[in-house]
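Here is the structure we will look at, set down as structure tokens.
All ligand and atom numbering here is 1-based and tracks the order in the structure. Counting begins at 1 with the first residue of the sequence.
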Amino acid sequence: MNEKEWFFEKYKDIFSMGFKFKKTLFDRKSEFQTVKILETEGYGPMLINDDIIMTTERDEFIYHEMIIHVPLFTHPNPENVLIIGGGDGGSAREVLKHKNVKKCTMIEIDSVVVEACREHLKATSQGLDHPLLDLKFEDGAAYIAQQQDAFDVIIVDSSDPIGPSAVLFGDEFYQNVHRALKKEGIVVAQGESSFYEIEIQKRLLKTVHNLFDKVGFYNYDNLTYSSGCWSFLFASKKYHPIKDFRKENVKKSGIKFRYYNEEIHQASFCQPQFIKEAFEPLWTL
Ligand code: SPD
């Protein structure tokens, strides 16, 4: 095996995942991180920030359908949506499939990520040119600190809690998110994996438990994140993701899905026993 043709994501110094690639399509150091896109053998173009896999052409639909459609089909009328991060454009693309959305604001700190994805992840980044999208290159944490009673749904489409994303996992950030949401608002955030990062998840759950009525995590499969089972944090001021979910709205929307459906929406909140026990004191779904 020629190691030069392989990219390895190392995880916690105990584990590594390797992907064979044909060539490097993009490689630049931005003000915030290194941004790379590799043309892989099995997964198409792969976006890697600071040596952490963000998304690939092959499996991005799973992450982006699940981060967006679960909250947008839980909230009965999500008109004003904010995305923090999400530079590859996949989250914006899925938000803008919802006909009741009147405006989607996206705050991405790093314009180099957007540039790389516009060039090499075209199917993912297509949402970035939608007329209802207001894309700003700013610090998401600083932006949210200035907002009040403004959004129906906030999506935190971030990397792991290191580098520029670390601040998006803190107490102060969630206090600001709570204030920026309208009185029936929902936040969903990139929530790591219960198999490797349950302590981070418990800390996040504690943070939102102090602020929101209904809090928990839901799971999805991912081919290119360690463990293959990854989660989103769900926190809502009013709506319950299962009791208030109107599954007939999914068919009525006319949206074509590849992963999300009415059954997955509900089943994704079921947790294996060890995770249930770890979350129990803080879980309110
Ligand atoms: N371990 C990697 C987690 C990265 C999650 N963010 C991906 C961004 C996709 N829009």
Side-chain angles (χ1 to χ4, degrees), residues 7-17 19 30 32-38 43-71 81-96 104 106-118 120-128 133 135 140 154-169 188-198 200-201 204 217-233 259-260:
F7 165 76
F8 289 93
E9 179 183 291
K10 294 201 178 69
Y11 202 76
K12 291 175 93 74
D13 222 15
I14 55 167
F15 167 75
S16 174
M17 272 182 313
F19 296 87
S30 77
F32 305 99
Q33 57 203 341
T34 57
V35 179
K36 258 186 211 164
I37 299 194
L38 303 180
Y43 301 82
M46 170 185 275
L47 171 68
I48 303 161
N49 294 349
D50 279 345
D51 291 324
I52 302 171
I53 298 166
M54 292 294 116
T55 199
T56 78
E57 190 176 70
R58 179 168 173 192
D59 68 350
E60 62 86 8
F61 68 99
I62 306 173
Y63 180 100
H64 294 121
E65 288 186 14
M66 288 301 282
I67 196 172
I68 300 304
H69 299 307
V70 171
V81 178
L82 171 69
I83 301 169
I84 305 267
D88 53 60
S91 290
R93 180 194 64 203
E94 295 304 313
V95 167
L96 293 160
C104 179
M106 180 173 146
I107 308 295
E108 166 61 54
I109 198 166
D110 196 344
S111 63
V112 175
V113 173
V114 171
E115 189 189 324
C117 295
R118 277 193 195 278
H120 300 289
L121 276 165
K122 292 200 188 301
T124 312
S125 62
Q126 60 184 258
L128 295 172
L133 184 72
L135 168 59
I154 295 179
I155 303 293
V156 187
D157 183 0
S158 77
S159 184
D160 297 329
I162 43 172
S165 291
V167 67
L168 307 179
F169 287 74
V188 161
Q190 194 288 98
E192 301 294 295
S193 168
S194 299
F195 288 97
Y196 290 110
E197 298 292 6
I198 201 141
I200 292 180
Q201 293 186 323
L204 272 175
F217 279 91
Y218 63 98
N219 298 332
Y220 60 98
D221 307 298
N222 192 294
L223 304 183
T224 52
Y225 295 168
S226 39
S227 92
C229 177
W230 213 261
S231 315
F232 291 120
L233 173 73
Y259 186 87
Y260 176 86

Between Y196 and Y11, is the ring centre distance below 6.0 Å?
yes
For the residue pair Y220 and Y260, is the inter-centroid distance of their aromatic rings smaller than 6.0 Å?
no
Mind checking what makes side chain to side chain contact (heavy atoms under 4.5 Å, CB included) contact with Y43, not counting sequence neighbours?
F19, T40, T56, R58, L223, T224
Please test T55 against Y63 for side chain to side chain contact (heavy atoms under 4.5 Å, CB included), starting from the C-alpha separation and ending with a verdict.
CA-CA 8 Å; T55 199; Y63 180 100; 5.7 Å; no
Distance-only donor-acceptor check, side chains S91 and D157, under 3.5 Å:
yes
Do side-chain atoms of E65 reach the backbone of E94 as a donor and acceptor pair under 3.5 angstrom?
no
Measure and list all N/O to N/O distances between ligand 1 and the protein that fall under 3.5 angstrom.
from, atom 1, to, atom 2, distance (Å)
ligand 1, 1 (N), D160, OD1, 3.0
ligand 1, 1 (N), D160, OD2, 3.0
ligand 1, 6 (N), Y63, OH, 3.3
ligand 1, 6 (N), S158, O, 2.8
ligand 1, 10 (N), H64, NE2, 2.8
ligand 1, 10 (N), D88, OD1, 3.3
ligand 1, 10 (N), D88, OD2, 2.5
ligand 1, 10 (N), D157, OD1, 3.2
ligand 1, 10 (N), D157, OD2, 3.0

